[in-house]
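Only one structure is covered here, and it is reproduced in the block below.
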Amino acid sequence: MMLFVLPIIGPMLALGGLDENRIAEWFGARTPVRASSAYMAFTGAGLAVAGLVQWTQWVFAGVEPSIGDGGATRAGRAPDGIARPWPPPIAYPVREVSRGEERPP
């Protein structure tokens, strides 16, 4: 439960103590407020759509969400396909297995 509550409560408490009038004084009268707002709205909407598409593919088609080119996902998986923490602890070394090579028992 705390895993879901803290990421919401933390920024609320941190941003609640800011003095918005003092922050507004940093910006001049010629600051492109509308362009900055449009850029942030466009970027946020794009990220929301990308996340929603990956979520719906995962829920309805079983397609695992991709992150970038998949390099970090491949590096964090052991030859048996089970996800491991990265970097791997010394207790079990991760060894790359090519497609033609037989997997160890």
Side-chain angles (χ1 to χ4, degrees):
M1 183 67 168
M2 294 304 289
L3 183 65
F4 299 108
V5 174
L6 285 178
I8 296 170
I9 301 292
M12 286 172 48
L13 293 174
L15 294 174
L18 293 178
D19 183 12
E20 65 274 359
N21 292 327
R22 187 166 178 199
I23 294 173
E25 291 173 1
W26 292 349
F27 298 99
R30 297 184 49 146
T31 303
V33 176
R34 289 185 187 217
S36 300
S37 300
Y39 171 76
M40 287 188 283
F42 180 74
T43 303
L47 289 172
V49 167
L52 189 61
V53 167
Q54 288 193 11
W55 176 81
T56 44
Q57 286 179 343
W58 178 62
V59 168
F60 296 112
V63 177
E64 185 176 332
S66 64
I67 301 173
D69 64 350
T73 306
R74 280 195 307 269
R77 294 203 181 268
D80 58 0
I82 298 173
R84 304 278 196 253
W86 190 257
I90 297 180
Y92 55 87
V94 175
R95 186 173 76 85
E96 289 290 327
V97 176
S98 63
R99 290 193 179 254
E101 189 178 340
E102 188 175 319
R103 293 186 176 180

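- In the hydrophobic clustering of ILVMFWY residues, with side-chain heavy atoms under 4.5 Å counting as a link, F27 and L15 come out together.
- Side-chain heavy atoms closer than 4.5 Å link hydrophobic residues (I, L, V, M, F, W, Y) into clusters, and following such links, even through other members, never connects L47 to W58.
- A distance of 10.0 Å separates CG in L6 from CG in L13, rounded to the nearest 0.5 Å.
- The CG atom of L52 lies 10.5 Å from the CD atom of Q57; values are rounded to the nearest 0.5 Å.
- Residues L18 and W26 share a single hydrophobic cluster, defined by chaining ILVMFWY side chains whose heavy atoms lie under 4.5 Å apart.
- With hydrogens and angles disregarded, a donor-acceptor distance shorter than 3.5 Å links the side chain of T31 to the backbone of G28.
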